[in-house]
2 protein chains.
Amino acid sequence: MTSPRASRAEATRALILDAAERLFAERGVLAVSNRQIGEAAGQGNTAVVGYHFGAKEDLVRAVVRRHTSRIEGLRAEALAATEGSSEVRAWVGCLVRPLTGHLDAVGPPTWFARFHAQLTTEPAYREIVTQESLGSPALLATVDGLNRCLPDLPAAVRLERGDMTRLLMVHVCAERERALAEGTPTPRTTWDATATGLVDAIVGLWLAPAAPTPTRGDRA
Amino acid sequence: MTSPRASRAEATRALILDAAERLFAERGVLAVSNRQIGEAAGQGNTAVVGYHFGAKEDLVRAVVRRHTSRIEGLRAEALAATEGSSEVRAWVGCLVRPLTGHLDAVGPPTWFARFHAQLTTEPAYREIVTQESLGSPALLATVDGLNRCLPDLPAAVRLERGDMTRLLMVHVCAERERALAEGTPTPRTTWDATATGLVDAIVGLWLAPAAPTPTRGDRA
DNA sequence: CTCTAAATCAACCGCTTGATTGAGTCACCG
DNA sequence: CGGTGACTCAATCAAGCGGTTGATTTAGAG
């Protein structure tokens with residue numbers, strides 16, 4: 001594939017990414033130092049991470065990208081199969097199932113969902129995951145398709161429920177992943193069933209009538 | 001009120017709690033040191049925080065408790081007004097409005113919602129907020145009342161949607177708070193309107209039909 | 001076989017952290 | 001009015017941090 005010379009570097013890069021992802025999910029992104037990651041990756045050197053990735057932000061971005069690229073691919077497939085539909089449920093599935101499907105394909109154990117949920121609440125890293133996720137053309141197209149199914153919804157409510165959908169996807173998966181890691185009970189037995197539960201709920205959320213409150217789209 | 005001797009200590013304790021809450025929300029719980037908090041609280045001493053609160057975990061718990069106790073009070077009031085109802089919407093409001101009402105009463109600017117959202121995703125502090133929140137009797141009674149309105153829902157789906165409700169409450173408020181702090185647009189103009197939007201969506205979520213997937217309540 | 005450059009390692013720098021310690025300050029109590 | 005104890009301060013400690021530097025290993029290129 002790549003230059004034969006770079007294969008060793010590529011291998012350690014992968015080791016570092018694996019270790020970083022695991023430690024980030026288990027202990028928290030900010031609680032883990034580059035040194036600890038390098039050590040967990042089996043590298044005796046304290047500077048490996050800096051050598052291969054630079055600052056911690058770049059490492060975080062690399063870990064994120066490794067997953068979002070694959071999820072993006074799955075979503076593009078789902079999008080192609082859904083194009084033209086006017087079923088809310090189909091479009092919501094197109095949002096949810098690439099994520100759950102990816103987690104199913106990777107693990108167990110998986111760490112990405114917890115890691116991802118952390119990033120969205122951490123002020124220092126929030127922007128990274130926002131950029132990486134919302135830059136996805138397949139995602140935007142899906143949201144667009146969903147909106148076309150619900151032409152009567154006020155713009156503000158659409159934004160609001162879009163946010164809610166995103167929050168639910170990320171955090172429900174993170175909670176399930178955490179429960180799996182800790183061995184505590186989960187409401188659903190598989191990622192596929194989790195997706196079904198999520199889709200049920202999110203469809204209900206979108207189809208709910210909006211109470212007759214004035215909802216202007218401006219800032220408060 | 002308290003012992004006259006302790007009034008000075010009480011004042012600095014409050015200063016520290018204020019500073020801690022703000023810094024935690026703005027920069028992240030783990031990214032802020034006790035020294036920075038003490039300094040931001042106007043205390044020249046580097047050891048103030050340790051002196052008054054001990055470890056960082058105790059400080060975090062104190063900040064959480066200051067808010068949850070008030071929210072708990074509001075929820076007890078709402079609960080009293082809702083008792084006996086069989087309206088899903090009333091019970092959901094009983095979950096949501098104490099939180100939004102508290103945020104409305106405190107700020108702006110508020111920091112608690114972002115801080116709280118962070119804690120739920122941070123492995124090191126997750127348990128604290130779980131204990132503080134789920135130990136609330138008013139909350140449990142409200143969940144109970146909600147469940148009585150929906151007797152036909154499978155147990156697993158009830159758990160699942162309870163989780164989703166909690167996630168939406170916390171993170172929607174956190175996102176709005178963040179938008180307010182940054183001056184970016186928000187879907188709703190007031191906390192009260194935000195509560196209405198949340199209630200609309202959560203009611204829809206609970207009333208949504210559960211797809212005929214086998215949903216056993218055991219662990220995966 | 002030698003050269004060369006990427007990759008790894010080991011040591012180090014300045015800085016910040018949590019924690020401890022002992023001196024100083026202040027308000028109340030007797 | 002002097003004592004006492006709670007509170008604040010300043011100084012200090014070892015440990016860990018990110019980042020840099022130069023030596024060492026290693027494997028393909030010439």
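Below, chains carry the letters A, B, ... as their sequence lines are ordered, and counting in each starts from 1.
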Short side-chain N/O contact to C:dA7 OP1/OP2 from A:Tyr51, under 4.0 Å:
yes
Check the phosphate of C:dA11 against A:Thr46, side-chain N and O only, distance under 4.0 Å to OP1 or OP2. Yes or no?
no
Rounded to whole Å, the CD-P distance (B:Glu57 to C:dG18) equals 14 Å
Specify the residue among A:Gln43 and B:Lys56 whose closest nucleotide of DNA chain C lies further upstream toward the 5′ end.
A:Gln43
So, is A:Gln36 close to the D:dG16 phosphate, meaning a side-chain N or O under 4.0 Å from OP1 or OP2?
no
Is it true that the side chains of A:Arg176 and A:Thr110 contain a donor and an acceptor less than 3.5 Å apart?
no
Measuring from the side chain of B:Asn34 (C-beta onward, heavy atoms only), which nucleotide among C:dA10, D:dC9, C:dG18 has the closest atom?
C:dG18
Short side-chain N/O contact from B:Ser33 to OP1 or OP2 of C:dT17, under 4.0 Å:
yes
Rounded to whole angstrom units, what separation is found between the CG atom of A:Asn45 and the P atom of D:dG18?
13 Å
Report yes if a side-chain nitrogen or oxygen of B:His52 is closer than 4.0 Å to either non-bridging phosphate oxygen (OP1 or OP2) of D:dA6; otherwise report no.
no
Touch check for A:Ala47, heavy atoms < 4.0 angstrom, all strands: base, sugar-phosphate only, or nothing?
base
Can you find a donor-acceptor pair, distance only, under 3.5 Å between A:Arg35 side chain and D:dG16 base?
no
Atom pair CD/OH of B:Gln43 and B:Tyr51 - distance to nearest 0.5 Å:
12.0 Å
Write down the distance between CD1 (A:Ile16) and C1' (C:dA7), rounded to a whole number of angstrom.
11 Å
For the student: nearest non-hydrogen atoms of A:Ala193 and A:Thr190, plus distance
N-OG1, 2.9 Å
Would you mind reporting whether B:Leu95 and B:Leu139 have side-chain heavy atoms less than 4.5 Å apart?
yes
